[in-house]
Amino acid sequence: MLQEFQKHIASKFPELRENTFLLACSGGLDSTVLAHLCFHSKLDFALAHCNFGLRGPASDGDTEFVAALAEEMEKKIFTTHFDTMGYVSKYKVSVQMAARDLRYAWFAEIMTQNKVGPLVTAHHADDNLETFLINLSRGTGINGLSGIPEKTAIVSRPLLPFSRARLLAFAEASKIEWREDSSNENTKYLRNKIRQNIIPQLKDIHPAFLENFRISLENLTAQARLLENCMAKTREAIFVPEKDYLRISVNSLRGLEAGKDHIVELFRPYGFKEWDTLIELLDAMSGKEIQSASHRLIRDREDLLLQELGDRNPEDLDVYLEENWGRLPFELIREDVDLLGERSKTILYVDKETLNNRLSIRKWKKGDYFCPLGMSGSKKVSKFFKDEKMDKIAKEGQWLLCSGDDIVWIMGRRADDRFKVSSKTWKILKFTLKE
């Protein structure tokens, strides 16, 4: 198995032969065998071990075992202890989810601080089958049936082609010791129930079941890639880039041949998993919004607007120009001039004597009004936005130049008549907006 593992590393994971990586080691069979395979392949790695404190002295024994393994291999080791049940209580998640959240956050911290990576884990072929069956039982699409990926941006899984039986045989032949985790026998967990009760029966039905499953998984993965290539071409055709978001025509989405399934796959990379909520948005009122962990999707008239949550404009209110002139989210040039000159939406001339209050910039608030240049009377800013057919994102990002409580300029769009240059003006102030 060692030679086969080394050929697999050379073929699929050459970066592991060139960099120091972090190997997650619980002390169990899988990760201990992985550590020995990497050690005998002369790979450069450090061990990382988490003590979740769930099995009392047994958990401490695992920590001692991994520490001894690191010493034997002369490898650096990182260890930590977690208050797992405290995390469960605080965040109302399962023990398994808590352990996963805690360890992956810690692994990421180690890799960043010590400049090691990627993270290498001991997931193997049986884990892949278990994950497939779990996803199948919960209802999923082709991505959920494609198994555990061999690589992500930060995680590598070089044992996926190997069964647990082969790992066990290698450990016994090489006289490798490991720790048994009694919680793996507890069938109250779905994964353990599948591992203990279902998979053995599948292997009894067909001795080559695991190998046939591996072949099927490769086919599904290839089909998933084909589907994603198709989705990428569709996104390129109908996802229109705007300043800091994407605009998608609702009619274009409705015209897709595959209908609902096609639409759901288009938005899957942006974290949208609730199919019904996503489809309902196509018939929602303008302004309706749904969010994933990373993006927001807004119904705007006949379009959907897709924006990263991190790209939203700041909610700053009353940013006084005197103190923040050089720290604005855009460039705003202020200068005294003698005459009116170049005109554009990004240039404003005002009567300097009308600016009797402190200048500031801020975002629009409900109830705001101004007196549009060239018109008599006032107008609500919300009504102006509607007349301009501004979408929700544009409204949220719109800056106002104010003098005290009065709006001087809806920047880049419309000036206020109360501050205009007239025949009585003798001091002119010019503002130039540069994005």
Side-chain angles (χ1 to χ4, degrees), residues 12 104 118 131-132 135-136 138-157 216-314 329 385 388-398 435:
K12 297 291 186 70
Y104 277 101
T131 299
F132 175 91
N135 290 342
L136 182 65
R138 291 172 175 169
T140 187
I142 191 169
N143 288 308
L145 298 179
S146 297
I148 305 170
E150 277 195 328
K151 290 183 186 180
T152 66
I154 62 171
V155 182
S156 294
R157 303 179 177 95
S216 297
L217 210 58
E218 287 181 355
N219 293 334
L220 284 169
T221 301
Q223 290 166 16
R225 285 197 297 266
L226 183 64
L227 174 62
E228 180 49 37
N229 288 338
C230 175
M231 294 298 99
K233 290 179 180 178
T234 303
R235 291 187 201 102
E236 186 177 355
I238 68 173
F239 284 38
V240 180
E242 298 285 352
K243 181 181 176 182
D244 62 353
Y245 60 93
L246 298 171
R247 181 180 294 275
I248 306 107
S249 164
V250 171
N251 286 335
S252 295
L253 292 174
R254 287 189 173 128
L256 295 174
E257 292 182 2
K260 180 179 77 172
D261 293 340
H262 203 157
I263 293 169
V264 170
E265 288 301 323
L266 281 175
F267 290 97
R268 186 183 299 280
Y270 305 100
F272 293 97
K273 300 176 182 178
E274 300 295 332
W275 292 33
D276 293 340
T277 305
L278 184 58
I279 299 304
E280 287 171 4
L281 194 63
L282 300 184
D283 296 311
M285 297 287 290
S286 186
K288 174 69 175 178
E289 175 179 335
I290 62 174
Q291 290 189 5
S292 69
S294 59
H295 288 75
R296 62 199 300 228
L297 192 59
I298 305 164
R299 178 63 194 262
D300 180 70
R301 299 179 177 85
E302 299 305 316
D303 299 319
L304 297 183
L305 310 181
L306 178 65
Q307 184 185 40
E308 280 191 58
L309 294 177
D311 281 349
R312 298 181 67 173
N313 286 294
F385 287 166
E388 291 285 297
K389 294 183 169 53
M390 291 172 63
D391 59 58
K392 186 175 182 179
I393 295 176
K395 294 174 187 176
E396 290 174 351
Q398 180 63 57
E435 293 292 341

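What you are looking at is a predicted structure, and each value in this text was computed from that prediction instead of being measured.
- Residue pairs meeting the salt bridge (charged side-chain N to carboxylate O under 4.0 Å, His left out) criterion with at least one partner in residues 276-286, sequence neighbours excluded, are R254-D283.
- In this structure, the side chains of K243 and I393 stay at 4.5 Å or more apart for every pair of heavy atoms.
- A distance of 10.5 Å separates CE in M390 from CG in D300, rounded to the nearest 0.5 Å.
- Smallest separation of non-hydrogen atoms from S252 and I238: CB-CG2, 4.0 Å.
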Taking it one step at a time, do R301 and V250 satisfy side-chain contact (heavy atoms from CB on, under 4.5 Å)? CA-CA 9 Å; R301 299 179 177 85; V250 171; over 6 Å; no
Show, in sequence, the C-alpha distance, side-chain angles and deciding distance for Q291 and L297, and conclude whether the side-chain contact (heavy atoms from CB on, under 4.5 Å) test is met. CA-CA 6 Å; Q291 290 189 5; L297 192 59; over 6 Å; no
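- Looking at K12, its side chain never comes within 3.5 Å of a backbone N or O of K151 through a donor-acceptor pair.
- Within the 4.5 Å cutoff, no side-chain heavy atoms of L281 are placed close to those of F267.
- We find the CG-OG1 distance between N229 and T234 to be 11.0 Å, quoted to the nearest 0.5 Å.
- Side chains of I290 and R296 form no contact here, defined as non-hydrogen atoms less than 4.5 Å apart.
- Shortest non-hydrogen contact noted between S156 and P118 is OG-CG, 3.6 Å.
- Environment of NZ in K395: crowded, with over 12 heavy atoms of neighbouring residues, nucleotides or ligands closer than 6.0 Å.
- Considering CD of Q223 and CG of N219, their distance stands at 6.5 Å, rounded to 0.5 Å.
- With rounding to the nearest 0.5 Å, the separation of NE2 in H262 from SG in C230 is 5.0 Å.
- The minimum heavy-atom distance linking I263 with L253 is given by the pair CD1-O, 3.7 Å.
- In this structure the side chain of L266 reaches within 4.5 angstrom of the side chain of L256, judged on heavy atoms.
- When all heavy atoms of D391 and A394 are compared, the pair lying nearest together is OD1-N, 2.7 Å.
- Taking the six-membered ring for Trp and thresholds of 30 and 60 degrees, F239 and Y270 have nearly parallel ring planes, at less than 30 degrees apart.
- Taking every heavy atom of both residues into account, L305 and K392 meet most closely at CD1-N, 4.4 Å.
- Residue Q307 holds its CD atom at 11.5 Å from CD of E242, rounded to the nearest 0.5 Å.
- The distance from the CG atom of L278 to the OG atom of S292 is 10.5 Å, given to the nearest 0.5 Å.
- Inter-residue side-chain proximity for H295 and E308 is flagged as met; some heavy-atom pair is nearer than 4.5 Å.
- Taking each heavy atom of V264 and I279 in turn, the nearest pair found is CG2-CD1, 4.4 Å.
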As a quick check of understanding, evaluate salt bridge (charged side-chain N to carboxylate O under 4.0 Å, His left out) for E265 and R235, giving each step before the final call. CA-CA 10 Å; E265 288 301 323; R235 291 187 201 102; over 6 Å; no
